[in-house]
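Below, each value reflects all heavy atoms present in this structure, side chains not excepted, and no hydrogens, waters or symmetry copies.
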Amino acid sequence: MPPRPPEPAGSPPGALGGSLSAWRESAERRLAPGLGGPRLEETGRVERIGDGIALVSGLDGARAEELLAFPGGVFGLARFLDPGRIGCVLLDPPGALEAGDGVRATGRVASLPVGEALLGRVVDPLGRPLDGGPPIRGERFAPMERPAPGIVERDLVSVPLETGLTVIDGLFAIGRGQRELIIGDRATGKTALAVDTVINQKDSDVVSVYVAVGQRSSSVGQVIEAVRARGAPERTVFVVAEADAPPGQQWLAPFAGFSVAEFFRDRGEDALVVVDDLSKHAAVHRQISLLLRQPPGREAFPGDIFYLHARLLERAAKLSRERGGGSLTALPIAETQAGNLTAYIPTNLISITDGQIYLDARLFGEGQKPAVDVGRSVSRVGGKAQRPALRAAAAGLRLDYTQFLELELFSRFGTVTDPSTRRRLEHGRRIRAALAQPQFAPLAEATQVALLLALGAGQLDALASGDIGRFKERLAQSVAGPASETLDDAARERLLKTTAGLVREVGAGAGSDGRPAGAERS
């Protein structure tokens, strides 16, 4: 065997040399992306900080709505750009931040991860988990601010979003892609109505997003537990900015909720967003704006508050078939003071949305729940999004109920002796009892159709108002399955025959104590 030629001086021997060469090539490939040229980083300093606001200088290239990074992992949002100074809203507790600290421009606008990984999770407006689970790994990052779909990208709102509440589905139907305001005084059941709607999506394909703005942690916890116990938490996202969260988080929360819902809408699914509530969001916006020296206007709100909520709620839409056909339905909540609908924020929101469900404190105090005022509530989509069977069953119900309320008001001034008037009063009381509904007790559409048919035919006049609840329970057990799209004569007769039998059964059971079945109970 001829001798091996000598290896060059300084080179590793044989197999070791080949291994080192391969390692060097792979290491150079791995490090190549990080071996680029110089990187530009813009830094500034904090001029003043306090009340969740920081005034920053030295960031001449910063953009509006850009995220700024402070020491200690604190982020802020560039809200107002003045020559030589930026008004920044802090998105985290300031901790030990003080004037003179450095601040760095990140180059990206406020965004959060979106995708199916968010389903069932509780997150803050930046997508950071609040439920103790692992970090969110979304399919992409979505900006908080996004233009609303244009007119040509939208379609007609024609498919109902069932709430399970007869007074809503029967009188003020909500369509998928609609913006329906829930408004009323404090503690009148606004959140309960919205949560019932979320829970009722348990058997539907709607993805729900509940956004809490400035709410107490105990109230938010009750909502989350209610949905987890009775709804479909695997198709629900909770975006939470509680009352003790930094003002910046409370300001961003509604925009984050809409961005999460838009991910599902844009891929052809149906989504529902509940914002609880926009009155607190408006108060946070006023606080931030006044601290940043923006001129106040009516009720000390800056003039851009209307544009803020308008561009937010305009993102709710039913997309055209070319855009996938998805929908985003918005149920914003607003609070009134002493029933004053003419205040600045309520009038703004009423003019922006497609209708309002007004909850009356007097009705709530009298035990009528949901405390919906049928005279002040309206849906500008209404019957166009209602299924034909439910629309036919509810025909004339709102007029009858409104006339009863007026007649009842006048009857308080004296004794009603006219038999016809007394019959109308008794019928109106049965309507009121039928529309009353406890929380967490949604009714299927088929049950609602049968109930409204029985009301319209006067069958429930034979029952005492206190027995209507037992009738509805029996009716929900007897009328099963999906409701018919249309209500022909044969279907109407079958339902009326079923309800008539249930009325006789309930009436016979109610009369076993010796009183007539139709007598009022004290």
Side-chain angles (χ1 to χ4, degrees), residues 51-54 65 67-68 70 73-79 88-95 109-114 118 120-133 135-136 138 141-146 182 190-191 194-195 198 208-225 227 236-262 272-289 291-292 305 308-309 311-313 315 330-335 345 349:
D51 297 319
I53 298 295
E65 312 298 337
L67 284 177
L68 306 181
F70 294 84
V74 177
F75 284 93
L77 184 68
R79 281 286 297 129
C88 178
V89 182
L90 297 182
L91 302 179
D92 295 293
V109 297
S111 58
L112 81 163
V114 296
L118 282 167
R121 300 297 302 275
V122 183
V123 298
D124 71 359
L126 293 179
R128 298 174 295 195
L130 299 176
D131 53 6
I136 304 296
F141 273 81
M144 304 282 189
E145 288 271 15
R146 185 180 175 188
I182 302 174
K190 301 184 296 299
T191 300
V195 172
V198 173
S208 303
V209 181
Y210 176 81
V211 182
V213 182
Q215 303 295 322
R216 298 192 307 269
S217 57
S218 59
S219 301
V220 176
Q222 291 173 2
V223 170
I224 295 174
E225 289 304 317
V227 174
T236 307
V237 183
F238 303 94
V239 180
V240 177
E242 297 174 349
D244 58 351
Q249 285 195 22
Q250 298 183 42
W251 189 89
L252 273 183
F255 296 95
F258 271 76
S259 295
V260 171
E262 284 172 338
L272 166 67
V273 177
V274 174
V275 183
D276 189 9
D277 66 46
L278 284 183
S279 297
K280 292 182 174 61
H281 183 255
V284 168
H285 181 72
R286 175 174 58 187
Q287 171 189 339
I288 292 172
S289 300
L291 287 171
L292 293 174
I305 184 66
L308 176 76
H309 287 159
R311 73 174 186 260
L312 171 70
L313 295 175
R315 293 163 68 175
L331 292 181
I333 298 175
E335 183 177 312
I345 299 304
L349 294 174

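Side-chain contact between L313 and F258: present, with at least one pair of heavy atoms (C-beta onward) separated by less than 4.5 Å. At least one side-chain heavy atom of W251 sits under 4.5 Å from a side-chain heavy atom of I288. Annotation: side chain of F255 is in contact with side chain of H281 (closest heavy-atom distance under 4.5 Å). Q249 has its side chain within reach of D92: a pair of non-hydrogen atoms, C-beta onward, lies under 4.5 Å apart. K280 places a side-chain heavy atom less than 4.5 Å from the side chain of D277. Two residues are said to be in side-chain contact when any heavy atoms from C-beta on lie closer than 4.5 Å; L278 and I345 fail this criterion. In this structure the side chain of V273 never reaches within 4.5 angstrom of the side chain of L331, judged on heavy atoms. Looking at heavy atoms from C-beta onward, V195 lies out of side-chain contact with D276 at the 4.5 angstrom threshold.
Here the closest heavy-atom approach between residue P113 and residue G127 is recorded as CD-CA, 4.1 Å. Contact record, A110 with L67: CA-CG, 3.9 Å, taken as the closest heavy-atom pair. Nearest heavy atoms, I182 versus A194: CD1-CB, 4.1 Å. V74 approaches P93 most closely through the heavy-atom pair CG2-O, 3.6 Å. Listed here is the closest heavy atom pair of A212 and V220: CB-CG2, 3.8 Å. Contact between P247 and G52 at its shortest, heavy atoms only, is CD-CA, 4.4 Å.
Between atom NZ of residue K190 and atom CD1 of residue I333 there is a gap of 7.5 Å, rounded to the nearest 0.5 Å. Summarising the geometry, atom OG belonging to S218 is positioned 9.0 Å from atom CD belonging to E242; distances are rounded to the nearest 0.5 Å. Taken to the nearest 0.5 Å, the CG atom of L118 stands 6.5 Å off from the CG atom of L112. From L292, atom CG reaches atom CD of Q287 across 10.0 Å, with rounding to the nearest 0.5 Å. Note that CG of L68 is 10.0 Å distant from CZ of F75, once rounded to the nearest 0.5 Å. Distance check, rounded to the nearest 0.5 Å: CZ of R286 to CD1 of I305 gives 9.0 Å.
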Determine whether H285 and R79 satisfy the following criterion, side chain to side chain contact (heavy atoms under 4.5 Å, CB included), listing intermediate values before the conclusion. CA-CA 11 Å; H285 181 72; R79 281 286 297 129; 3.6 Å; yes
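S259 and R315 share a donor-acceptor pair across their side chains, judged by distance under 3.5 Å alone.
Atom CZ of R216 has 12 or fewer neighbouring heavy atoms from other residues, nucleotides or ligands inside a 6.0 Å radius.
Residue Y210 is tested with V122, V227, V274, V237 for a side chain to side chain contact (heavy atoms under 4.5 Å, CB included); the sole match is V274.
Listed for the E65 side chain is no donor-acceptor partner under 3.5 Å among the backbone atoms of E145. Side-chain atoms of Q250 do not come within 3.5 Å of backbone N or O of V213 as any donor-acceptor pair. Using modelled atom types, one side-chain atom of D131 and one backbone atom of G133 make a donor-acceptor pair closer than 3.5 Å.
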